[in-house]
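Just so you know, these numbers use all the heavy atoms, side chains as well, and skip hydrogens, waters and symmetry mates. Every chain is numbered from 1, with letters handed out A, B, ... down the list of sequences.
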Protein chains: 2
Amino acid sequence: MPIDRRPLREQIREELLSRLDRGEFAAGTDINEVALAAELGVSRTPLREALITLAGEGVLQSNQGRGFRFAPVSRKEFRELCEIVAGLESLALGCSDPDYLREIAPELLRLARDFPDRIAEQEVIERHDDEWHDLLLSGCRNERLLDLITSVKAGLRRYAHLLAGDETPLEREAAEHCRVAELLMSGDLAGAGQALHDNWVNGMERLMSRIPQS
Amino acid sequence: MPIDRRPLREQIREELLSRLDRGEFAAGTDINEVALAAELGVSRTPLREALITLAGEGVLQSNQGRGFRFAPVSRKEFRELCEIVAGLESLALGCSDPDYLREIAPELLRLARDFPDRIAEQEVIERHDDEWHDLLLSGCRNERLLDLITSVKAGLRRYAHLLAGDETPLEREAAEHCRVAELLMSGDLAGAGQALHDNWVNGMERLMSRIPQS
DNA sequence: ACTATGAATTCTGAATACAAAACACAGCGA
DNA sequence: TCGCTGTGTTTTGTATTCAGAATTCATAGT
């Protein structure tokens, strides 16, 4: 295997996002740069570079002289992010090759039907969901748009651990994914885009109550 | 006047973007950090922080061991960026308060009619256009979306100086703005969003030929 | 003449050092 | 008791230094 030749700041960014998924950082708390750098075993310089990147993605906030903090979560922001991703993903669907979409539709349908049950651990469910969306967007020819979606979704990661729990109506999620796949199979791209948008908005509504009032 | 208390990296970022608007940086050229830092009168640290921010916005590219370079321009990327902004701005319109939009519609119409003529210098035209779009989006309640639009538009700044010239059909631009304003005045929000989208796509098509073939 | 190799140079990536701002807290005075 | 002020500490923001990668250029070999 080729050794990792990416800049440290990127590895640090991913490590921080991965810890965020695991809920290791409480929202709203400030970051102590020296402590975190020591914990990660790197110097402050690449750490700060990673923090600046994350701030650009909205994961962190920065205040002059006061350093970085994890941006507080709020229902308002969660709604805003979901609306944005909903818009961007359906936009991406519109930028995709219809033939390719019809080609992958059966696989999308299969993945949607194989949705893990409520017993599965949260991480498995999330991975499966991400996989489905990644495959769905894999035909998008607008590369900048794909990058943008990835970046905006990073902001949603702060909400991931809040959403863990067995009450999530996975059947609804799976059914909506099936519907998107079926519409794609029938060639109704506009309808699929709308269904995808609705999937995001519905999911947001369902999860909204799990987010603490700002 | 209150003195500027923002971090250096932000001031540097804006200075670089402003120079980009003036066409002082050729696309595709790499950046010499020590030279640029000396020219700006700052050290490499905040300069690199600004460069990393700009790379996150797609203005720059970074390659391991090779530093930063201004991302090359291409018709493909220009189209991609315009498609994204078109989608985001019409999305933002949908997140706006319809009453507020109807309220500002007359001002939007006035601004559109006052569009500077072809004699005006490019900078004046651009500022006027930005002002119009800013006012249009000022009613958007999705703050994250507004930030995102600003960020994506930064990527478009690399194209600004390429688009300078007296051949630009300003009448078309002004007419399309008028149409958006009129639809807003009549309360047709969906129609206005569509017209705004078309405005971006049409503008893109018109300007596409001015961008050198990749 | 052309390619390949290797040393010298240049530049980036990362670590460290320094300066200044924010914070905490004790002492003082109204 | 409350608030202000000044000092000491902590932490960030910026500068500088160091190490290593990439590039350049000269030279040797085919």
Checklist line | side-chain hydrogen bond (donor to acceptor under 3.5 Å, both in side chains) partner of B/Trp200, the single match among B/Glu205, B/Glu89, B/Glu176 | finding: B/Glu89

Next item on the list: List the steps, then state whether side chain to side chain contact (heavy atoms under 4.5 Å, CB included) holds for B/Asn199 with B/His177.
Entry: CA-CA 8 Å; B/Asn199 170 236; B/His177 283 189; 3.5 Å; yes

Note to self: Angle between ring planes, B/Phe25 versus B/Phe70, binned at 30° and 60°: parallel, tilted or perpendicular?
What the structure shows: parallel

Report, one line per pair, each donor and acceptor closer than 3.5 Å where one atom sits in a side chain of residues 34-44 of chain A; sequence neighbours left out.
{"from": "A/Glu39", "atom 1": "OE2", "to": "A/Arg19", "atom 2": "NH1", "distance (Å)": "2.6"}
{"from": "A/Ser43", "atom 1": "OG", "to": "A/Thr45", "atom 2": "N", "distance (Å)": "3.4"}
{"from": "A/Arg44", "atom 1": "NE", "to": "A/Glu33", "atom 2": "OE1", "distance (Å)": "3.1"}
{"from": "A/Arg44", "atom 1": "NH2", "to": "A/Glu33", "atom 2": "OE1", "distance (Å)": "3.0"}

Note to self: So for atom CD, which belongs to B/Glu15, do other residues, nucleotides or ligands contribute more than 12 heavy atoms lying within a distance under 6.0 Å?
What the structure shows: yes

Checklist line | Close residues, residues 51-59 of chain A, relative to DNA chain D [heavy-atom separation under 4.0 Å] | finding: none

Checklist line | Where chain A begins and ends its contact with DNA chain C, read 5' to 3' at 4.0 Å from heavy atoms | finding: C/dA14 to C/dC23

For nucleotides 14-21 of chain D, which of its nitrogen or oxygen atoms have a protein nitrogen or oxygen under 3.5 Å away, and what is each distance?
{"from": "D/dT14", "atom 1": "OP1", "to": "B/Leu8", "atom 2": "N", "distance (Å)": "3.0"}
{"from": "D/dA15", "atom 1": "OP2", "to": "B/Ser43", "atom 2": "N", "distance (Å)": "2.8"}
{"from": "D/dA15", "atom 1": "OP2", "to": "B/Ser43", "atom 2": "OG", "distance (Å)": "2.6"}
{"from": "D/dA15", "atom 1": "O5'", "to": "B/Ser43", "atom 2": "OG", "distance (Å)": "3.4"}
{"from": "D/dA15", "atom 1": "N7", "to": "B/Thr45", "atom 2": "OG1", "distance (Å)": "2.8"}
{"from": "D/dT16", "atom 1": "O4", "to": "B/Thr45", "atom 2": "OG1", "distance (Å)": "3.4"}

Check: What heavy-atom pair brings B/Gly87 and B/His197 nearest, and what distance separates the two atoms?
Finding: N-CD2, 4.0 Å

Check: Excluding sequence neighbours, so at least two apart, what forms side-chain contact (heavy atoms from CB on, under 4.5 Å) with A/Arg144?
Finding: A/Asn142, B/Glu77, B/Glu80, B/Leu81, B/Ile84

Next item on the list: Remember a base hit wins even if backbone is also touched, and classify A/Asp30 as base, sugar-phosphate or nothing at under 4.0 Å, heavy atoms.
Entry: nothing

Note to self: Taking the basic N atoms (NZ, or NE/NH1/NH2) and the acidic carboxylate oxygens, is any pair closer than 4.0 Å for B/Glu49 and B/Arg13?
What the structure shows: no

Next item on the list: Rounding to 10 degrees, work out the angle separating the end axes of the helix from C/dA1-D/dT30 to C/dA30-D/dT1 (five pairs an end).
Entry: 10°

Notebook entry, point to check: Distance-only, no hydrogens or angles: does the B/Ser151 side chain make a donor-acceptor pair with backbone N or O of B/Asp147 under 3.5 Å?
Noted result: no

Check: Can B/Glu126 and B/Gln122 be counted as having a side-chain donor-acceptor contact under 3.5 angstrom?
Finding: yes

Margin query: Counting neighbours of CZ on B/Arg127 that are heavy atoms of other residues, nucleotides or ligands and sit closer than 6.0 Å, is the number greater than 12?
Written below: no

Notebook entry, point to check: Counting any heavy atom closer than 4.0 Å, what does B/Leu47 reach on the DNA or RNA strands: base, sugar-phosphate only, or nothing?
Noted result: nothing

Margin query: As a quick check of understanding, evaluate side chain to side chain contact (heavy atoms under 4.5 Å, CB included) for B/Leu156 and B/Val152, giving each step before the final call.
Written below: CA-CA 7 Å; B/Leu156 272 175; B/Val152 175; 5.9 Å; no

Next item on the list: Indicate yes or no for a side-chain donor-acceptor contact from B/Arg5 to the backbone of A/Gln64 under 3.5 Å, with no hydrogens or angles considered.
Entry: no

